[in-house]
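Note sheet for the following structure.
Every chain is numbered from 1, with letters handed out A, B, ... down the list of sequences. What's counted below: heavy atoms across the whole structure, side chains too, no hydrogens, waters or symmetry copies.
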2 protein chains.
Amino acid sequence: MARKRGVTEDDVVDAAARIADSIGHDRVTLAAVAAEVGVRPPSLYAHVEGLDGVRRLLALRAAEEIERALSESARGREGTDALRALAHRYRQFARERPGLYAAAQRAVRPGEDDELYRALGAAIVPVLEALSQAGVPREELVHITRAFRSALHGFVELERASGFGMPESVDESFAHLVELILSGVRGLA
Amino acid sequence: MARKRGVTEDDVVDAAARIADSIGHDRVTLAAVAAEVGVRPPSLYAHVEGLDGVRRLLALRAAEEIERALSESARGREGTDALRALAHRYRQFARERPGLYAAAQRAVRPGEDDELYRALGAAIVPVLEALSQAGVPREELVHITRAFRSALHGFVELERASGFGMPESVDESFAHLVELILSGVRGLA
DNA sequence: TTGACATGCCTAATCGCATTAGTCAGACTG
DNA sequence: CAGTCTGACTAATGCGATTAGGCATGTCAA
C-alpha cells in the first residue's frame with residue numbers, strides 16, 4: 001500500500017542509527033536493519049556494501065552530526081565560553097545518541113578510506129577553532145586539542161561503561177574536568 | 001606425549017589473552033580459543049561459561065594486571081612523580097597489551113557481577129592513592145581521580161583508533177596532557 | 001501501446017560460530 | 001577389579017552474513 005519507491009541508502013542508515021541508539025552499536029546486524037526497514041537481509045546488498053558498509057556509513061553519519069552539534073554549540077560564543085559549551089555539548093551528544101557516538105569511534109588509518117578519515121577529523125574542527133580563537137599558540141594547538149578531546153572522550157566512555165562507581169555526582173565531576181582543562185588553556189593563552 | 005592433565009580455566013584465559021593481544025579483543029571467539037588450546041569448541045564449556053564467560057574472565061585478568069602494573073610503577077615515588085609514573089605506565093600497558101586493555105573496558109553495573117565490578121574498581125586504586133598522597137583534598141579526590149582516568153583512557157583509546165591524524169608527536173602530546181592534569185592537581189594540593 | 005531492459009526484492013543455499021545434547025574412554029577410588 | 005567421575009568428542013540446532021539466481025514491476029523508446 002505504501003512503499004512504491006524502494007528503500008534508499010539513507011533509509012538503511014537511518015534504521016541502523018535507530019537500532020544503534022536504542023539497543024547498542026554492537027547490535028547493529030544486517031538482520032536487524034533489514035527487519036527495521038521492512039525487507040529481507042539479502043535485499044540490503046542492493047543498497048549498501050554488507051554489514052561493514054553499514055557501519056562505515058553510520059560512522060560517516062555520526063561524524064556529520066557530531067560536527068554539526070559542536071559547531072552549533074559554539075556559535076556566538078568566544079574563548080573559554082565557547083570551549084565550555086563545546087565540552088558540554090559533546091557529552092550531551094554521547095549520552096543522547098550513544099549508538100551514533102560509538103559508530104564514530106571506528107578506527108581508520110589515513111591510507112584506507114580517506115573520505116571517512118576526513119569526516120571524522122572534521123568532527124573536531126570546531127574544538128580546534130575554538131582553542132585557536134581562545135588564544136592557544138599555534139605550536140600548542142594540536143597538543144591541546146588532543147588533550148581536550150581525550151578528556152572528553154575518556155569521560156564519556158567511562159561514564160557509558162558505568163566505570164564511575166563512587167556516589168559523587170558525575171555531572172559535577174565533568175564540570176570539574178572541563179574547568180581543569182580550561183585553566184590549562186588559560187595558562188597557555 | 002604432553003598433556004595428560006587436561007585444560008584448565010587458566011589455560012583458556014591465557015589463550016584468550018594471547019589472541020586478544022595479537023589480533024584484537026573482538027576476534028576472541030570460542031573457535032579461536034579452542035584452536036589455541038588444542039581442543040574442540042564444545043570442550044571449552046567444561047571450563048568456562050561460554051564466550052561471555054571467557055570475556056568476563058579476561059576482564060578479571062586484565063583488571064589484576066593493570067592494578068599490578070600501576071602499583072609497581074608508583075612504588076617508591078611520591079607526589080606528582082608518582083602520578084607521572086602512573087600515567088606513563090598506564091599508556092604503556094594499553095599499548096603493549098591492547099587486547100587485555102580492551103577486555104578491561106567491559107561495562108558492568110554494581111548489581112550484576114560484584115566480583116568483576118570490584119576488580120575493575122581496584123585497578124585504579126593506585127591512582128586514587130597517589131592523588132591522595134599528593135595532597136588532593138578529600139572532597140576533590142573522586143572528581144580528580146575521574147578526571148585523571150578519563151584523560152588517560154581517552155588518550156589511549158583515541159591513539160588506538162588512530163584518531164590523531166596530525167603529524168605532531170603523539171608522545172609529546174601525551175606528556176603535555178599529563179603535565180596539564182598535574183598542574184591542576186598542584187593547584188588543589 | 002508494447003516489448004526489451006533495468007531495478008529491487010525474494011528464496012535457496014553456504015559458511016562460520018555459539019551452544020546443547022548425548023556419548024565414550026581413560027584416570028581415580030574403594 | 002569394578003564403579004564413577006572427568007573431560008574430550010561428535011552430532012545437531014540456530015543465527016547472522018553473504019552469494020547466486022530468479023521473478024515482478026516500472027521505464028522508455030519505437
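- Atom pair B:Asp11:CG and D:dG7:C1' shows a separation of 13 Å (rounding to whole Å applied).
- A ring-centre distance under 6.0 Å is found for A:His88 and A:Phe174.
- The stretch residues 28-55 of chain A participates, sequence neighbours left out, in these side chain to side chain donor-acceptor pair (under 3.5 Å) pairs: A:Arg18-A:Glu36, A:Asp52-A:Arg106.
- Listed pair B:His47 / D:dA8 meets the phosphate criterion, a side-chain N or O lying under 4.0 Å from OP1 or OP2.
- In this structure, CD of B:Glu49 is placed 11 Å from P of C:dT20, rounded to the nearest angstrom.
- The phosphate of C:dC10 (OP1 or OP2) has a side-chain N or O of A:Ser43 nearer than 4.0 angstrom.
- Regarding A:Leu51, its CG atom lies at a distance of 18 Å from the P atom of D:dC15, rounded to whole Å.
- With contacts defined as side-chain heavy-atom distances shorter than 4.5 Å, the pair B:Arg95/B:Arg160 does not qualify.
- Across the protein-nucleic acid pair, B:Ile23 atom CD1 and C:dC17 atom C1' stand 14 Å apart, rounded to whole Å.
- Taking atom CG on B:Leu44 and atom P on D:dC9, their separation rounds to 9 Å, with Å as the unit.
- Remark: C1' of C:dC9 and CG of A:Leu30 are 15 Å apart, rounded to the nearest angstrom.
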Under 3.5 Å, which N/O atoms of the protein pair with N/O atoms of nucleotides 12-14 of chain C?
none

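- Listed by first and then second residue, the salt bridge (Lys or Arg N to Asp or Glu O under 4.0 Å) pairs involving residues 138-153 of chain A amount to none (not counting sequence neighbours).
- Between A:Asp26 atom CG and D:dA17 atom P there is a gap of 12 Å when expressed in whole angstrom units.
- Using a 3.5 Å distance cut-off with no hydrogens or angles, the side chains of B:Gln92 and B:Glu96 do pair a donor with an acceptor.
- Under a cut-off of 6.0 angstrom, the local environment of CZ in B:Arg27 is sparse, with at most 12 non-hydrogen atoms contributed by other residues, nucleotides or ligands.
- A:Arg40 has its CZ atom 5 Å from the P atom of C:dT11, to the nearest Å.
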